[in-house]
Amino acid sequence: MSNIAGKAYAMNVVTPSQPYRTWINRLIFMVARGIPSVLSGLLGLSLIHFARWVIIKRDQWPDLGQGKQVLQNDYMLFCSNFNGTWDQYIDAFSDGIPNGLNLFWYSATKYPQSIPITPFKNYITYNQVYTDYYYNATPGSAQRDIKCAMKVYDAITRLQNAHETQSAEEFAKTYKQEFLAVQNCLGDPGFGPVASLDTERADMNRLPYVHLQGFKLADQGDDHA
Amino acid sequence: MPDFDGGHLFLTFLTPIKTGSTTGADGTQMSYEQRLRMTLALLPTALQSPATQKIGENSPFARNRRTHLCRFMVLEDAIYNGRNPKNAIAMSVRGLDPINPGPVDRLNCGYLLFAADVDAVIEEGDALPKTLDGDGQTKARDAYARNLWSTMEAELRAVYGNCVGFDDVANADDFAAYLTKCQIETTMPFNDYWSEAPLTEPLPVKAMGIAAAVPAMIMLLGLFGVILGLEEPVVLGWLLPWQAHETFLWGLLVTALVVVGLYLYVLRRGQSPMPPGKYGDLPSVLKALYLQQNFADFVVDHQGSDAETLHRDFGAFLKSHRPDDKMQPSQAPGVISIHSDNAIIK
């Protein structure tokens with residue numbers, strides 16, 4: 001079990017909301033998507049690959065025969081894939097878009113507001129559920145690294161066009177211009193910092209079991225009702 | 001549906017976990033939830049650290065180039081944040097004693113969350129769509145589910161075998177139908193793989209405010225007229241031959257209709273997707289990382305090169321790394337960099 005995959009951290013936060021208030025939260029999300037200044041606050045953090053907020057109405061919990069859920073509350077599930085440590089992320093959210101956060105958790109029961117930060121961190125801690133399995137297709141690259149790589153891809157495409165049409169001297173000039181524009185985007189991907197020695201050891205200790213598992217799990221033992 | 005945004009599907013599935021006990025791989029008696037957690041704990045992750053590189057077994061999700069990020073999470077029960085504070089006077093009037101516990105939500109079983117951020121495509125490498133109607137989203141979601149089944153059936157059986165209703169799943173189509181039953185709509189998706197922030201039409205907030213304020217104002221003028229015992233609405237009566245109570249009632253009705261209309265308009269606007277990024281699909285992301293690393297090496301090797309050499313060698317660079325072909329050569333999914341083992345798709 002780990003919340004960390006390479007340079008990304010998977011956060012899951014589940015918060016209860018009183019059903020008569022969640023429609024307001026849905027409205028706030030939709031308004032946020034239509035107001036660029038609100039969205040630019042999130043974009044400006046530049047540390048989130050993907051994130052989502054999911055309002056689970058109390059009658060929406062899937063019933064595949066185990067019986068319908070009888071609940072007093074709706075729940076909001078927040079899943080984020082971000083770079084940096086847990087503390088850095090919460091700090092960035094709280095410092096960068098404090099009111100945006102308050103709006104996004106508007107209907108959450110006992111939400112303490114994003115400032116001051118200590119009760120806010122406590123709230124996230126008590127409502128966070130750890131990830132049991134986390135996969136990241138680009139573990140060596142943070143979100144900014146990926147966006148940098150996209151800029152380089154663009155520069156190479158432009159250089160490709162220049163290479164077809166320009167003389168060697170003209171191309172050398174274009175090359176220098178493009179290189180100047182993307183020179184800060186040429187960092188190497190690499191390992192994320194190891195969260196702790198325990199994490200490192202846990203990964204090492206998994207080695208024989210992962211190989212053992214190698215998919216004999218499909219023929220697990222008998223089931224008991 | 002906001003499951004679709006920026007050319008990606010933000011898939012959220014909640015699957016009920018079986019209650020009762022079962023036998024683990026080692027013959028130990030355990031709950032389904034425990035067996036599920038153990039299975040997930042031993043599922044190979046990406047080759048993302050020195051230790052996992054030593055294990056050498058990449059994640060089963062790295063067998064496709066659609067999944068940017070995904071996670072499984074076991075939710076044992078509903079989250080309870082303690083009793084909601086109540087007004088002490090109201091409690092006293094109603095004769096409620098806070099020492100008696102209030103109702104607490106309990107789920108009748110645990111749930112397995114599977115949340116995946118994937119390209120909304122039918123075939124791997126297709127361009128990300130700008131828009132996708134409900135039917136198109138269903139097709140893309142099912143195509144993803146079938147792709148997972150064809151590439152990691154054993155792992156999916158091991159995971160979902162602990163969940164309610166999975167025993168009848170026999171093939172890829174069944175699995176797609178099974179996931180459909182477990183899907184929850186994502187309310188607010190967010191992704192930032194744009195080279196430049198997307199230009200979106202902002203909500204006409206001022207116009208919306210005026211549209212709601214005008215009938216509300218008329219309603220209030222009518223209400224003041226009623227309160228003051230006038231036959232005509234305040235101010236408005238000088239201009240229009242309306243009765244105060246009529247003005248109030250019609251104003252109230254129109255205000256309510258406008259507010260509901262604006263609410264529905266905002267919801268519909270909010271659900272329209274953002275445009276996809278130019279390189280937002282996973283094959284392009286991996287290709288971009290591949291090119292970036294090779295270009296960095298090229299730059300280092302050609303510091304101080306003359307124009308002829310630069311031109312000639314860049315031609316060789318293009319021939320070798322083929323920027324026009326996003327599928328190959330490229331960086332494989334689930335590895336740190338092109339310098340890792342088996343990290344290049346040729």
Side-chain angles (χ1 to χ4, degrees), chain A residues 1 5-6 10 12 14 29-31 33-36 43 50-56 62 64 66-67 71-73 79 81 109-110 127 131-137 139-140 149-150 152-153 156 160 163 168-169 171-172 186 189 203-204 207 209-210 213 215 217-218 220-225, chain B residues 10 12 14 16 20-23 25 40-44 46 48 51 55 59 61 68-74 79 81 103 105 108-109 115 117 154 157-158 164-165 182 186-192 195 202-203 266-267 269-270 279 288-289 291-292 296 307-308 310-311 318 323 333 336-337:
Chain A
M1 179 184 78
N12 314 297
V14 183
F29 285 132
M30 296 305 120
V31 169
R33 283 171 62 79
I35 299 180
L43 292 169
F50 286 83
R52 71 183 69 187
W53 287 260
V54 183
I55 295 175
I56 311 168
L64 302 187
Q66 86 281 6
L71 303 169
Q72 305 277 329
N73 292 295
C79 296
N81 303 275
T109 304
K110 289 192 161 179
N127 288 270
T131 308
D132 286 89
Y133 178 81
Y134 188 27
Y135 168 71
N136 179 0
M150 290 171 176
V152 175
Y153 199 165
I156 290 173
Q160 185 178 22
H163 189 265
E169 283 71 27
F171 176 75
L186 296 175
D203 264 344
M204 293 307 299
L207 194 152
Y209 299 101
V210 170
Q213 177 156 268
F215 262 86
L217 274 170
Q220 291 173 120
D222 297 331
D223 293 354
H224 307 276
Chain B
F10 292 71
T12 310
L14 279 171
S21 66
T22 183
T23 315
L40 293 173
L42 295 178
L43 211 56
Q48 59 201 20
I55 291 173
S59 165
F61 288 98
H68 292 261
L69 295 130
C70 72
R71 73 189 66 183
F72 286 110
M73 175 200 90
V74 174
I79 301 284
N81 278 333
D105 279 347
N108 62 17
C109 66
D117 305 300
R157 282 187 183 280
V164 178
C182 304
T186 295
T187 314
M188 168 82 176
F190 175 79
N191 163 243
D192 181 12
S195 309
L203 265 181
V266 170
L267 288 191
R269 270 284 308 261
Y279 303 112
L289 291 169
L291 286 174
Q292 178 201 40
E308 286 296 333
L310 194 63
H311 191 264
L318 293 174
I336 290 291
S337 73

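Note that the structure is a prediction, hence the values are computed from the model and not measured. Below, each value reflects all heavy atoms present in this structure, side chains not excepted, and no hydrogens, waters or symmetry copies. So that the names make sense, note that chain A is the first sequence line, chain B the second, and so on, each numbered from 1.
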Kindly give the heavy-atom pair with the smallest separation between A:Ala168 and B:Ala307, and that separation in Å. O-CB, 3.6 Å

Atom pair CE (A:Met150) and OH (B:Tyr279), whose distance is rounded to the nearest 0.5 Å: 9.0 Å

Look only at the side chain of A:Tyr133 and the backbone of B:Pro44, and say whether a donor-acceptor pair between them is shorter than 3.5 Å. yes

For B:Cys182 and A:Leu64, work out which heavy atoms get closest and say how close. SG-CD1, 3.8 Å

Calculate, to the nearest 0.5 Å, the distance between atoms CH2 and CZ belonging to A:Trp53 and B:Phe190 respectively. 7.5 Å

Counting heavy-atom pairs under 4.5 angstrom with chain B, the leader among A:Val152, A:Leu71, A:Thr109, A:Ile56 is A:Leu71

Check: A:Asn73 main-chain N/O paired with B:Asp105 side-chain donor or acceptor under 3.5 Å: yes

Which one, B:Ser59, B:Ser337, B:Ala46, leads in non-hydrogen pairs under 4.5 Å with chain A? B:Ser59

Nearest 0.5 Å please: distance from the CG atom of B:Asn81 over to the NZ atom of A:Lys110. 7.0 Å

Checking B:Leu310 against chain A: side chain, backbone, both or neither under 4.5 Å from a heavy atom? both

Determine yes or no for a side-chain-to-main-chain donor-acceptor pair under 3.5 angstrom, with B:Thr187 supplying the side chain and A:Ile55 the backbone. yes

Measure the CG-NE2 distance between B:Leu318 and A:His163 for me, rounded to the nearest 0.5 Å. 6.0 Å

Looking at every heavy atom in both A:Val31 and B:Val266, which two are closest together, and how far apart are they? CG2-CG1, 3.4 Å

To the nearest 0.5 Å, atom CE of A:Met30 lies from atom CG of B:Leu203 at 11.0 Å

With B:Arg71 as reference, evaluate A:Asn81, A:Thr131, A:Asp132 under the side-chain hydrogen bond (donor to acceptor under 3.5 Å, both in side chains) test and give the passing residue. A:Asn81

Look up atom CZ in B:Phe61 and atom OH in A:Tyr134, then write down how far apart they are to the nearest 0.5 Å. 12.5 Å

Any donor-acceptor pair under 3.5 Å from A:Tyr153 side chain to B:Pro323 backbone: yes

At their closest point, which heavy atom of A:Pro62 faces which heavy atom of B:Leu14, and how far apart are they? CG-O, 3.1 Å

Against chain A, work out which of B:Asp117, B:Val74, B:Thr12 has the most heavy-atom pairs shorter than 4.5 Å and name it. B:Asp117

Measure up the A:Phe171 and B:His311 rings against each other and bin them: parallel (under 30°), tilted (30 to 60°), perpendicular (over 60°). perpendicular

Where is the tightest heavy-atom contact between A:Leu186 and B:Ala296, given as atom of each residue plus distance? O-CB, 3.8 Å

